[in-house]
2 protein chains.
Amino acid sequence: MFGKDLLVRMLDRRDTLPTDEIALIDALPVRPVTFGPDEEIVREGSRPAESCLVASGFAVRNQAIREGKRQITAIHVPGDFVDLHSLLLKMMDHSVSALGSCDVVFIRHKDLLTAMDRSPHLTRMFWLSTAIDASIQRTWITCLGRRSAKQHLAHIICELYIRLEIVGLASDQSFAIPLTQAELGDVLGLSVVHVNRTLQELRATDLVSWKDRRIVILDFERLALLADFDATYLNLFHEPR
Amino acid sequence: MFGKDLLVRMLDRRDTLPTDEIALIDALPVRPVTFGPDEEIVREGSRPAESCLVASGFAVRNQAIREGKRQITAIHVPGDFVDLHSLLLKMMDHSVSALGSCDVVFIRHKDLLTAMDRSPHLTRMFWLSTAIDASIQRTWITCLGRRSAKQHLAHIICELYIRLEIVGLASDQSFAIPLTQAELGDVLGLSVVHVNRTLQELRATDLVSWKDRRIVILDFERLALLADFDATYLNLFHEPR
DNA sequence: CGTTGGTTTGAGCATCTTCAACACATGTGG
DNA sequence: CCACATGTGTTGAAGATGCTCAAACCAACG
């Protein structure tokens, strides 16, 4: 297991993975590590020789800026190949850290390259995983630039629900995520105070409940309508790539 | 030519392209098309069978939202493989349009796949090009979320200068770009009025001049300091990938 | 039982938006 | 050549959105 099953599930949702490619993934040697809340998984400025995959829990990408401020540029759920792009980019321009307790497995670039040499299609599936990340990032840009705080918050809740559902971690309009309001502020580009007030607005209109690190979507349709949420960017189509 | 020379230059800045890979790129059949200002190059919701490369001029990615608002999620300069990711993502969740007059060439996915089958390293170089785009997008997220309008504007000017310099379209702290203040607002997530006032602040402190579609950076060092600009995310390192 | 991390509230202020008008250059048709 | 429309840049004023600071609240935990 070690999260590789979830990776397969995530990719198989988009295109059938032939058994020989699943075998290649299964055969990849892993180095599992557990990180505690807020611990750094990959350091900014480092040059990793391996990429990491989330097995359980959540990881975030941080871009630190002056005066202790930071922006979270991605939230990664189990099955996500967090820093697969370090295979190509070499130098990390941001850090990756755990959100709550997080199990990850590290896979050497060398081994990834060997597996990809055997299968051009597997290469494309890995590339696809980074392309979906990029697609999500474009949507985040639009949320940050042109949507209100309330819409943005609603949008991210819809997105997380769908992404978690794919890997079996969300159902019945509900999922668990250890995200504090301060961290949510770093995702939305807002202050803690404003996150709190925006959250209250969503609660007041009976759209979501958010308690004890568990989010319940009370009315997905209305929430998606408010957020102007369209799941196209998550690429939930199963087709040859 | 047809912009492929610039693509090679852009990639060769990051890793030496062996002559056989350059030959593979040269041999790719192209379909050149010229687009007028604001014309749509790739339509949202379409399923392209080819990807496009900017040969001259500029292209932007648009994400349209309700009530005629839009967000520009990327600015592409000559040599950029704008929608290479459609090779994997299939369905376009955003559109690409010309900024001013723009020459692009379309390259069939089929031909790209054939070329990549011959060279895993070339595949990685194309993948790298999308990974750099993603890296830029992460930085835009941080600019939108955590930097002031003034810093953000300064940041994008620094970025454009460096990216254009790589392909030989900027020198002496100056470059041309046909960007109106309204379009700049769609990049920065600001209203036209505020763009205008922010631009005036930069002019008032003698950091940049912006007239007749030409930007002159009067003091790069001070501008970069203000913007908190660090070029790491542009991956200007030449190394084996 | 006090400490700690997270949430909530109020008040004043800064940033940015909207609306409305004007300035200025370019291009068009009469 | 003038009259007029169009696109872009600029300005002022009022109002909305979101920030900062400061304090209180609350549950979990040693």
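This one's a predicted model, so the numbers in the text were calculated from it and none came from an experiment. Heavy-atom basis, side chains included; hydrogens, waters and symmetry copies ignored. The chains referred to below are lettered A, B, ... by the order of the sequence lines, with proteins before strands, and numbering in each begins at 1.
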Could B:Asp228 and B:Arg146 be called an ion pair, given the rule that one side-chain N must be under 4.0 Å from one carboxylate O?
no
What is the distance, rounded to the nearest whole Å, between atom [atom1] of [X] and atom [atom2] of [N]?
{"X": "A:Leu188", "N": "D:dG18", "atom1": "CG", "atom2": "C1'", "answer": "13 Å"}
{"X": "B:Leu184", "N": "D:dT10", "atom1": "CG", "atom2": "P", "answer": "12 Å"}
{"X": "A:Glu201", "N": "D:dA16", "atom1": "CD", "atom2": "P", "answer": "14 Å"}

When rounded to the nearest 0.5 angstrom, what distance separates CG in B:Leu84 from OG in B:Ser51?
5.0 Å
Residues passing the salt bridge (charged side-chain N to carboxylate O under 4.0 Å, His left out) test with A:Glu183, sequence neighbours excluded, are none
Heavy-atom closest contact ([X] atom, [Y] atom, distance):
{"X": "A:Arg222", "Y": "A:Thr205", "value": "NH2-O, 2.6 Å"}
{"X": "B:Leu53", "Y": "B:Leu7", "value": "CD1-CB, 4.1 Å"}
{"X": "A:Ser174", "Y": "A:Tyr161", "value": "N-CE1, 3.4 Å"}
{"X": "A:Thr232", "Y": "A:Phe237", "value": "O-CE1, 4.1 Å"}

Reading 5' to 3' and counting Watson-Crick or G-U wobble pairs with both distances under 3.5 Å, write the dot-bracket notation for DNA chain C, | for bases paired outside the strand.
||||||||||||||||||||||||||||||
Contact string for nucleotides 4-20 of chain C, one letter per nucleotide 5' to 3', B = base within protein heavy-atom range under 4.0 Å, S = sugar-phosphate only, - = neither, reads --SSBBBB----BBBB-
Does A:Gln137 offer a backbone N or O that forms a donor-acceptor pair with the side chain of B:Arg138 under 3.5 Å?
no
